[in-house]
Amino acid sequence: PDVVICVQDWISNETELTDLLRPISDQIEEIQSFREKNRGSQLFNHLSAVSEGIPALGWVALVSCKPAPYVKEMNDAAMFYTNRVLKDYKDSDPCHAEWVRSYLSIWTELQAYIKQHHTTGLVWSKTGPIAPSSLFMAAPAGPCPPPPPPPLPVFTDESPKSDTTAAQRSALFAQLNQGEAITKGLKHVSDEQKTHKNPVLRSQGGEHQTSPSKGRAPCSSTPTPAKKHSPVLELEGKKWRVEYQEQTHGLVIEETELRQVVYVFSCNNSTLHIKGKVNSIIVDNCKKLGLVFDNVVGILEVINSKDIQLQVLGKVPTISINKTEGCHVYLSKEALNCEIISAKSSEMNILVPQEDDDYREFPVPEQFKTVWHGSKLVTEPTEIAG
């Protein structure tokens with residue numbers, strides 16, 4: 001349901017706007033926190049889809065970019081996980097596919113609404129009623145009120161305005177209507193007072209810039225320490241969890257089964273060897289991770305990671321690389337026919353074994369050219385010399 005809050009231009013600074021949007025911000029953080037606390041849930045992909053898409057509600061606070069593309073980007077992030085839901089339940093439960101369609105329609109309809117009414121950014125109503133002060137207070141517990149029925153109400157200019165506000169506005173327009181005469185009140189600055197024409201002022205300018213302003217305490221540059229998590233390497237049901245490993249080399253998973261999946265999350269400067277045959281492997285939010293595995297019957301996915309090295313000793317049908325910066329994949333001779341799918345990633349290289357047991361490196365294209373070919377678009381990688 002559409003929720004419209006019309007606020008007059010008395011919202012004059014970012015603090016009041018932040019207070020107005022704080023309830024939405026708190027709910028977004030609570031949703032994302034709930035997802036992190038339930039990584040072992042069977043509905044983790046559902047939770048991730050909601051968690052990745054829900055920041056789209058923050059479009060009302062955007063200033064430097066257009067809101068519709070931002071909402072689409074959040075929708076695309078959610079689709080990464082909804083595609084998993086469709087894949088997992090396509091033959092077992094059609095309710096999940098219906099949930100995916102209903103959920104994604106929220107963001108597509110929001111995009112359409114923004115393109116129609118707020119193309120370049122949020123537009124505040126100048127004729128709507130003043131927002132009550134209760135909007136800045138915490139909402140009482142209880143069920144949410146029912147949404148207003150469509151279409152959107154048309155607000156009339158019947159709200160009372162104080163004489164002070166009207167007088168200030170009239171004075172502002174009177175100054176703007178002066179045209180060139182508005183500069184008559186400016187003070188003339190001589191060449192001796194201009195920094196770019198007076199070397200003495202330039203030499204003094206650095207001193208004034210380095211000294212802190214009077215009455216203002218210097219800002220502290222000490223970063224807030226990141227929360228420390230305990231490393232995890234355990235089998236939870238059918239899922240191997242490898243999480244928060246820091247500078248740990250020689251990690252090994254030996255007792256594997258065909259139905260098991262391996263989830264590697266937030267591991268840095270570590271190496272992991274997965275022996276045997278597993279269903280799938282997911283590498284999420286890792287840095288400088290070395291992964292060696294024997295066989296995967298499904299898919300190997302790398303998401304939101306950096307500087308990853310993968311080595312296939314046996315077979316893997318599909319390797320997916322998304323939102324990753326730096327990924328080297330060492331293929332075995334048995335895995336040369338695997339499919340490698342990449343999106344929003346860079347510095348990807350595939351290393352193919354040669355006859356002399358050495359590897360030859362092939363970069364994955366990152367730049368593409370798209371042309372109209374009669375009745376369809378044709379996209380192919382571009383080759384840049386050098």
For [Y], is there any backbone N or O sitting under 3.5 Å from a side-chain donor or acceptor partner on [X]?
{"X": "Tyr103", "Y": "Ala49", "answer": "yes"}
{"X": "Gln354", "Y": "Val352", "answer": "yes"}
{"X": "Ser332", "Y": "Gly314", "answer": "yes"}
{"X": "Thr82", "Y": "Met79", "answer": "yes"}
{"X": "Ser51", "Y": "Ser48", "answer": "no"}
{"X": "Asp294", "Y": "Gly276", "answer": "yes"}
{"X": "Gln260", "Y": "Glu257", "answer": "yes"}
{"X": "Glu243", "Y": "Ser266", "answer": "no"}
{"X": "Thr271", "Y": "Gly250", "answer": "yes"}

Partners meeting side chain to side chain contact (heavy atoms under 4.5 Å, CB included) with Asp307 (sequence neighbours left out) | Lys288

Tell me, please, which residues at least two apart from His229 pass side chain to side chain contact (heavy atoms under 4.5 Å, CB included).
-> Lys227, Tyr244

Tell me the side chain to side chain donor-acceptor pair (under 3.5 Å) pairs involving residues 310-323, sequence neighbours left out?
-> Ser320-Asn322

Any pair with a residue in [range] that passes ring pair (Phe, Tyr, Trp, His ring centres under 6.0 Å), sequence neighbours left out, goes on the list, sorted by first then second residue, please.
{"range": "residues 344-363", "value": "Tyr330-Tyr359"}
{"range": "residues 295-329", "value": "none"}
{"range": "residues 282-326", "value": "none"}

Set of residues satisfying side chain to side chain donor-acceptor pair (under 3.5 Å) with respect to Glu246, sequence neighbours excluded = Asn268

Minimum-distance pair of heavy atoms, taken over all atoms of [X] and [Y]:
{"X": "Glu366", "Y": "Ser345", "result": "CG-O, 4.3 Å"}
{"X": "Val252", "Y": "Leu272", "result": "N-CD1, 4.2 Å"}
{"X": "Gln247", "Y": "Ser270", "result": "N-OG, 3.4 Å"}
{"X": "Cys267", "Y": "Val242", "result": "SG-O, 3.5 Å"}
{"X": "Trp240", "Y": "Thr256", "result": "NE1-CG2, 4.4 Å"}
{"X": "Ala335", "Y": "Val312", "result": "CB-CG1, 3.9 Å"}

Contacts under 3.5 angstrom, residues 93-100 side chains, donor-acceptor by atom type, not counting sequence neighbours:
| from | atom 1 | to | atom 2 | distance (Å) |
| --- | --- | --- | --- | --- |
| Asp93 | OD1 | Cys95 | N | 3.0 |
| His96 | ND1 | His46 | NE2 | 2.9 |
| Glu98 | OE1 | Arg101 | NH2 | 2.8 |

Quick one: do Leu235 and Leu233 end up in the same hydrophobic cluster if we chain Ile, Leu, Val, Met, Phe, Trp and Tyr together by side-chain heavy atoms under 4.5 Å apart?
-> yes

According to salt bridge (Lys or Arg N to Asp or Glu O under 4.0 Å), who are the partners of [X], at least two apart in sequence or on a separate chain?
{"X": "Lys275", "result": "Glu254"}
{"X": "Glu355", "result": "none"}
{"X": "Asp76", "result": "Lys72"}

Would a 4.5 Å heavy-atom cut-off, applied to side chains only, mark Asn279 and Val296 as touching?
-> no

Within 45 degrees of the axis of the six-membered ring of Phe265 and under 6.0 Å from its centre: does Arg39 put its NZ or CZ there?
-> yes

Side chains of residues 368-376: which donor-acceptor pairs under 3.5 Å do they make with residues two or more places apart or in other chains?
| from | atom 1 | to | atom 2 | distance (Å) |
| --- | --- | --- | --- | --- |
| Thr370 | OG1 | Thr379 | OG1 | 2.9 |
| Trp372 | NE1 | Gly374 | O | 3.0 |

